[in-house]
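Order of listing sets the numbers, starting from 1, for every ligand and every atom in it.
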Amino acid sequence: MTKISSAIYWISIYLAIVFAPLFVLLLGPVPPGSGFWWDFSMALGFTAIAMMGVQFILTARFRRVVTPFGIDIVYFFHRYLGVMALTFIVVHYLIIRINRAEVLGALNPLQAPWYMTLGRLAFLLFATIIITSLWRKRLKIHYDEWRMLHIGLSTMGFILALGHIEGVSYYIDAPVKHALWISYIIFWLLLIVYVRLVKPWQMHNRPYRVVEVQQECNNCCTLVLEPIHHKGINFNPGQFAWLTLRASPFHIKEHPFSISSSAAQQGKVAFTIKALGDFTRTIKDTQVGETAYLDGPYGVFSTDCYPAAPGFVFIAGGIGAAPIMSMLRTMADRHEQRPLLFIYANDSWDNVIFKEELDTLKTRLNLNLVHVLKEPAPGWNGESGFVTPELLQKVLLKEAQEYEYFLCGPKPMSNAVQQGLHNLKVPLGRVHFELFDMV
Ligand SMILES: Cc1cc2nc3c(=O)[nH]c(=O)nc-3n(C[C@H](O)[C@H](O)[C@H](O)COP(=O)(O)OP(=O)(O)OC[C@H]3O[C@@H](n4cnc5c(N)ncnc54)[C@H](O)[C@@H]3O)c2cc1C
């Protein structure tokens, strides 16, 4: 299956799962006295709960589901589908409030029917999830705490919402429909069990040992991991994996990192990590022999996705070089002959990670390396400043329009490079990004 047909396939499955309850529950006789607005409100409610359920699939990182899109796109949709589902719930409620306020019962949980209270609680939890997700950084919620909150609230909210529907029992009281509804609920509950218990258990049974800890410049550190009694992951150069260190996979304290080692040497995997926050600052203290767990590989940021490309251009800033190194190392191991250009931006020469190895790679590959330094020392005769559209125009050859572009760096750099490539008439479909931020 091509990437596009595979994407269409998964989108169709998504729509089928989301609309399945509607078709099943609207089949046969519907309860009397419904009316358009009432039915529409119920349809929104059922669609919203199905969408909330699919959110668990989207974040379960099923490789076949995420591969055609790329995991960052899947997370992007996860976020906006959550907002859409919450909007449906609000409209579901507003329609009833306007048309049949009497069925809502009292607000006081002591007087209200239990299933109405469940519905209200579920709404509060979903609203909290959306607010804390959209504005996590502004609300200064630490990522790990946010993630635990997100998982806890979404699981609880979903179960409460199922309870609400079961209690209201509207549309699902006929035995066959009720049986179908129960099967649907069981499907979702099994999915939650898979995501939260089975998957961590599988990771737990495939541990890795830290076999090297290399201090790099610019507050970076490379960890090399070796699988313990299993074959390890089979990755494409440029892909990434979620790393768990000093915690069990059940704690869900994992962080995504690009694999920086060669895909031609499967088995051991290396990650080059920059100390930027609470977790990454502890990487330098990792001891050889420590146990680690990996979930991966993921991502479509890989030269292997474009076997027919006549050449490749890589543009990275600082630690953004990690996935590029995996691609360059792999190509060197595979005796790649195609022309390669690497534009590598850093603050200063002292902060250029991998500089010695890049010089060696130049002798093994048809590689043109352009260092761009923001603050060069006196005497530097290479490129200086930022990667600008003008710099791209200067260093890119005419035939580079046909190449595939891999870009990994801070947002301002990505924006400038996109603009520059657009000016040079490089088709957007040839420009591939990896942003080191998902939320
Ligand atoms: C696809 C991808 C590949 C990456 N590859 C590399 C790499 O090769 N080398 C490298 O140094 N960094 C890489 N990163 C960035 C790295 O994941 C974050 O720097 C790290 O998770 C920050 O954690 P912290 O606790 O140290 O920092 P914090 O201060 O806690 O977090 C800083 C920011 O990083 C993000 N972040 C934190 N924890 C996570 C998490 N568990 N999952 C997703 N995002 C999180 C959040 O946006 C947060 O606001 C990559 C990120 C992504 C998404």
Side-chain angles (χ1 to χ4, degrees), residues 59 61 63 66-67 69-76 78-79 132-151 200 203 213-225 235-247 249 251-261 263 269-286 292-302 314 316-329 344 346 351 353-354 406-411 414 432-439:
T59 49
R61 305 185 204 141
R63 214 157 300 143
V66 294
T67 302
F69 305 95
I71 200 147
D72 42 351
I73 303 285
V74 170
Y75 273 78
F76 177 85
H78 168 73
R79 176 182 276 229
T132 51
S133 303
L134 293 183
W135 295 288
R136 176 183 70 81
K137 286 183 186 166
R138 225 177 284 174
L139 293 169
K140 298 199 174 17
I141 307 175
H142 188 273
Y143 185 87
D144 287 335
E145 282 148 20
W146 167 80
R147 194 150 181 227
M148 291 311 289
L149 188 82
H150 197 77
I151 292 168
M203 281 169 67
V213 182
Q214 294 161 17
Q215 208 54 56
E216 312 276 2
C217 62
N218 199 11
N219 281 330
C220 293
C221 193
T222 296
L223 296 185
V224 183
L225 312 181
F235 62 96
N236 289 332
Q239 285 193 297
F240 69 95
W242 260 270
L243 169 70
T244 302
L245 206 59
R246 285 174 232 121
H251 281 98
I252 322 179
K253 287 200 163 182
E254 45 182 6
H255 293 254
F257 295 105
S258 299
I259 300 169
S260 57
S261 50
V269 274
F271 298 95
T272 303
I273 298 172
K274 183 164 169 109
L276 284 174
D278 291 355
F279 173 71
T280 45
R281 269 197 282 271
T282 67
I283 291 293
K284 63 176 184 352
D285 306 321
T286 310
Y293 302 95
L294 292 183
D295 179 18
Y298 293 101
V300 285
F301 186 73
S302 175
F314 305 100
I319 188 61
I324 312 292
M325 283 308 284
S326 175
M327 295 191 250
L328 292 175
R329 284 166 170 160
Y344 188 15
N346 280 284
N351 279 347
I353 329 161
F354 312 115
F406 289 85
L407 169 58
C408 187
K411 216 148 194 184
S414 290
H432 317 289
F433 301 89
E434 190 72 284
L435 280 178
F436 279 0
D437 197 5
M438 255 169 212
V439 282

Peer 1: Once you restrict to heavy atoms under 4.0 Å, what part of Arg147 touches ligand 1? Side chain, backbone, both or neither.
Peer 2: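 The answer is neither; Arg147 stays 4.0 Å or more away.
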Peer 1: Of Lys137, Arg136, Glu145, Glu254, which has the heavy atom at the shortest distance from atom 46 (C) of ligand 1?
Peer 2: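 Nearest option to atom 46 (C) of ligand 1, by heavy atoms: Arg136.
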Peer 1: Return yes when Lys253 approaches ligand 1 closer than 4.0 angstrom through a heavy atom, no otherwise.
Peer 2: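 So Lys253 does not count as touching ligand 1.
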Peer 1: Under a 4.0 angstrom heavy-atom cut-off, which atoms of ligand 1 come close to His142?
Peer 2: 30 (O)
Peer 1: Give me the one residue out of Ser258, Ser326, Ser260, Ser261 that meets side-chain hydrogen bond (donor to acceptor under 3.5 Å, both in side chains) with Thr272.
Peer 2: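 Answer to the side-chain hydrogen bond (donor to acceptor under 3.5 Å, both in side chains) test with Thr272 among Ser258, Ser326, Ser260, Ser261: Ser260.
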Peer 1: Residues two or more places apart in sequence or in another chain: which of them pass salt bridge (Lys or Arg N to Asp or Glu O under 4.0 Å) with Asp278?
Peer 2: Arg281
Peer 1: Indicate yes or no for a side-chain donor-acceptor contact from Arg61 to the backbone of Asp295 under 3.5 Å, with no hydrogens or angles considered.
Peer 2: no
Peer 1: Is the contact between Thr280 and ligand 1 made by the side chain, the backbone, both, or neither, using heavy atoms and a 4.0 Å cut-off?
Peer 2: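 Under 4.0 Å from ligand 1, Thr280 contributes backbone and side-chain atoms.
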Peer 1: With sequence neighbours left out, write down each residue that passes salt bridge (Lys or Arg N to Asp or Glu O under 4.0 Å) with Asp144, or none if nothing qualifies.
Peer 2: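 Counting only residues at least two positions away or on another chain, Asp144 forms no salt bridge (Lys or Arg N to Asp or Glu O under 4.0 Å).
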Peer 1: Phe314 versus Cys408: any side-chain heavy-atom pair under 4.5 Å?
Peer 2: no
Peer 1: Please determine if Phe279 has a nitrogen or oxygen closer than 3.5 Å to a nitrogen or oxygen of ligand 1.
Peer 2: yes
Peer 1: Keeping the roles fixed (side chain from Gln239, backbone from Gly299), state whether a donor-acceptor pair exists under 3.5 Å.
Peer 2: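 Yes: the side chain of Gln239 pairs with the backbone of Gly299.
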Peer 1: Backbone N or O of Ala247 within a donor-acceptor pair of the Tyr293 side chain at under 3.5 Å?
Peer 2: no
Peer 1: To the closest 0.5 Å, what do you measure between CG (Asn346) and CD1 (Ile319)?
Peer 2: 10.0 Å
Peer 1: Determine the sole option in Phe240, Phe436, Phe406 for which the ring-ring contact (aromatic ring centres under 6.0 Å, His included) test with Phe301 is passed.
Peer 2: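 Per the ring-ring contact (aromatic ring centres under 6.0 Å, His included) rule, the option paired with Phe301 is Phe406, out of Phe240, Phe436, Phe406.
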Peer 1: So for atom NE2, which belongs to His251, do other residues, nucleotides or ligands contribute more than 12 heavy atoms lying within a distance under 6.0 Å?
Peer 2: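 No, the 6.0 Å shell around NE2 holds no more than 12 heavy atoms from other groups.
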Peer 1: Would you mind running through ligand 1 and noting each atom that sits below 4.0 Å from a heavy atom of Ala322?
Peer 2: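 This gives 8 (O) as the contact atoms.
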Peer 1: So which bit of Ser258 gets within less than 4.0 Å of ligand 1, heavy atoms only: side chain, backbone, both or neither?
Peer 2: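 Under 4.0 Å from ligand 1, Ser258 contributes backbone and side-chain atoms.
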Peer 1: Of the choices Thr222, Asp144, Leu276, Thr272, which has the non-hydrogen atom that lies closest to atom 9 (N) of ligand 1?
Peer 2: Thr272
Peer 1: Just jot down the ligand 1 atoms closer than 4.0 angstrom to any heavy atom of Lys274, in number order.
Peer 2: 10 (C), 11 (O)
Peer 1: Checking contacts here: is it the side chain or the backbone of Phe436 that comes within 4.0 Å of ligand 1, counting heavy atoms only? Could be both or neither.
Peer 2: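 Under 4.0 Å from ligand 1, Phe436 contributes backbone and side-chain atoms.
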Peer 1: If you define the side chain from C-beta out and look only at heavy atoms, does anything of His432 sit under 4.5 Å from Val300?
Peer 2: no
Peer 1: Going by the order shown, which atoms of ligand 1 are within less than 4.0 Å of some heavy atom of Ile319?
Peer 2: 9 (N), 10 (C), 11 (O)
Peer 1: Would you check whether Phe257 reaches within less than 4.0 Å of ligand 1, judged by its heavy atoms?
Peer 2: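 Contact present.
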Peer 1: Any idea which atoms of ligand 1 are less than 4.0 Å away from a heavy-atom of Gly277?
Peer 2: 24 (P), 26 (O), 27 (O), 28 (P), 29 (O)
Peer 1: With atom 44 (N) of ligand 1 as the reference point, say which of Phe240, Tyr75, Tyr143 has the nearest heavy atom.
Peer 2: Tyr143
Peer 1: Within the structure, does Glu434 bring an N/O atom to less than 3.5 angstrom of an N/O atom in ligand 1?
Peer 2: no
Peer 1: Please state which part of Arg281 comes within less than 4.0 Å of ligand 1, counting heavy atoms only: side chain, backbone, both or neither.
Peer 2: neither
